[in-house]
Amino acid sequence: MRLVIFGRQGAGKGTQSKLLAEHFGVPHISTGDIFRAAISAGTEIGLAAKAIMDRGDLVPDDVLRGIVAERLAQSDAADGWLLDGFPRTPTQADDLDQIADPPLDLAINLEVPEDVVVERISSRRVCKAEGHIYTANDPSARSGICEVDGSAVVQRDDDTESAARHRLEVYAEQAAALLDRDGEANGVVTGDGV
Ligand code: ADP
């Protein structure tokens, strides 16, 4: 199974992706998680991406193309994958068409209204090791220790209100252009994410 999940920030892509990836037995590949791991590891890509991500802007398409091509070529992705956060621009969609072999089976668009997601984003907390997602009131968020892997639970640097609003604006421009262009032709299915 080769899947893509779309949806604005806070739509629940990360949470649903983990469940779906487990269900289909395929790796959950989140480009945001890849960048956050690169930042923690202090790699060159991480250093270059950090400032862009903190502003809520998009990392250039050619960087994404290289990262995704390399990740999909790994052995655990040979029989399928679930992409979360990529593609999110029309150019990235063209790149995925070239990279994905065999091609994508299904793209799911998780729809949640903007006022709902602003609330979700500001209360979102994530664990540093594996990106498990909590809300500010969950025991793991309150204790600051992830109940699954024991790592620190923090607020993402780009989950501040101003960065989050900017990310939503960028999403509205880029991902909407992508869905308008490719949505119907490529059989994107829409799910209610509320
Ligand atoms: P969000 O839901 O806010 O987009 P992600 O974890 O998916 O969160 O991504 C965090 C950041 O990583 C993005 O704001 C962007 O800077 C960068 N990023 C992740 N995926 C992509 C992508 N496909 N194209 C460009 N930048 C990306």
Side-chain angles (χ1 to χ4, degrees), residues 3-18 20-21 27-41 43-72 81-100 104 107-114 116-135 154-179 182 193:
L3 280 171
V4 163
I5 295 216
F6 296 110
R8 52 163 59 100
Q9 288 75 13
K13 295 188 298 292
T15 304
Q16 300 302 331
S17 295
K18 280 190 201 314
L20 282 168
H28 167 208
I29 302 173
S30 152
T31 45
D33 284 351
I34 291 175
F35 285 126
R36 281 183 286 278
I39 290 171
S40 294
T43 65
E44 206 174 309
I45 283 182
L47 291 175
K50 168 90 176 128
I52 299 174
M53 288 174 69
D54 284 353
R55 284 199 306 272
D57 286 328
L58 293 181
V59 176
D61 288 333
D62 55 336
V63 176
L64 268 296
R65 183 189 166 97
I67 286 176
V68 172
E70 198 176 297
R71 181 64 187 87
L72 295 190
W81 33 261
L82 185 158
L83 276 171
D84 161 10
F86 180 95
R88 66 175 86 184
T89 67
T91 301
Q92 292 178 12
D94 292 340
D95 288 343
L96 182 61
D97 281 345
Q98 291 182 3
I99 297 167
L104 184 65
I108 300 170
N109 180 28
L110 272 185
E111 273 199 338
V112 179
E114 189 158 336
V116 175
V117 300
V118 170
E119 173 72 29
R120 283 189 192 172
I121 294 169
S122 56
S123 75
R124 170 163 64 189
R125 301 291 182 272
V126 293
C127 92
K128 291 201 101 163
E130 293 175 13
H132 295 111
I133 300 162
Y134 300 101
T135 62
V154 297
Q155 184 168 35
R156 276 170 44 177
D157 290 343
D158 60 354
D159 275 349
T160 59
E161 190 172 332
S162 67
R165 285 197 186 280
H166 184 59
R167 280 153 60 211
L168 285 164
E169 279 167 24
V170 172
Y171 179 83
E173 279 165 31
Q174 295 287 348
L178 166 59
L179 285 170
D182 291 346

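In each ligand, atom 1 is the first atom listed, and ligand 1 is the first ligand listed. The structure presented is a predicted model; accordingly, all values stated were derived computationally and were not measured.
In this structure, Asp84 does not pair ionically with Lys18, as no charged nitrogen and carboxylate oxygen lie closer than 4.0 Å. With salt bridges taken as basic N to acidic carboxylate O contacts below 4.0 Å, none links Glu169 and Arg165. A salt bridge between Asp62 and Arg65 is absent, with no side-chain N of the basic residue lying under 4.0 Å from a carboxylate O of the acidic one.
Scanning for side-chain contact (heavy atoms from CB on, under 4.5 Å) contacts around Leu47 gives an empty result, with sequence neighbours left out. Taking the side-chain contact (heavy atoms from CB on, under 4.5 Å) definition, one finds that Asp61 meets it with Thr89, Thr91, Gln92, sequence neighbours left out. Checked against side chain to side chain donor-acceptor pair (under 3.5 Å), Arg125 has no partners two or more places apart in sequence or in another chain.
Listed by chain and residue number, the protein contacts of ligand 1 are Gln9, Lys13, Thr31, Gly32, Phe35, Arg36, Met53, Asp57, Leu58, Val59, Leu64, Gly85, Phe86, Arg88, Gln92, Arg156, Asp158, Arg167 (heavy atom within 4.0 angstrom).
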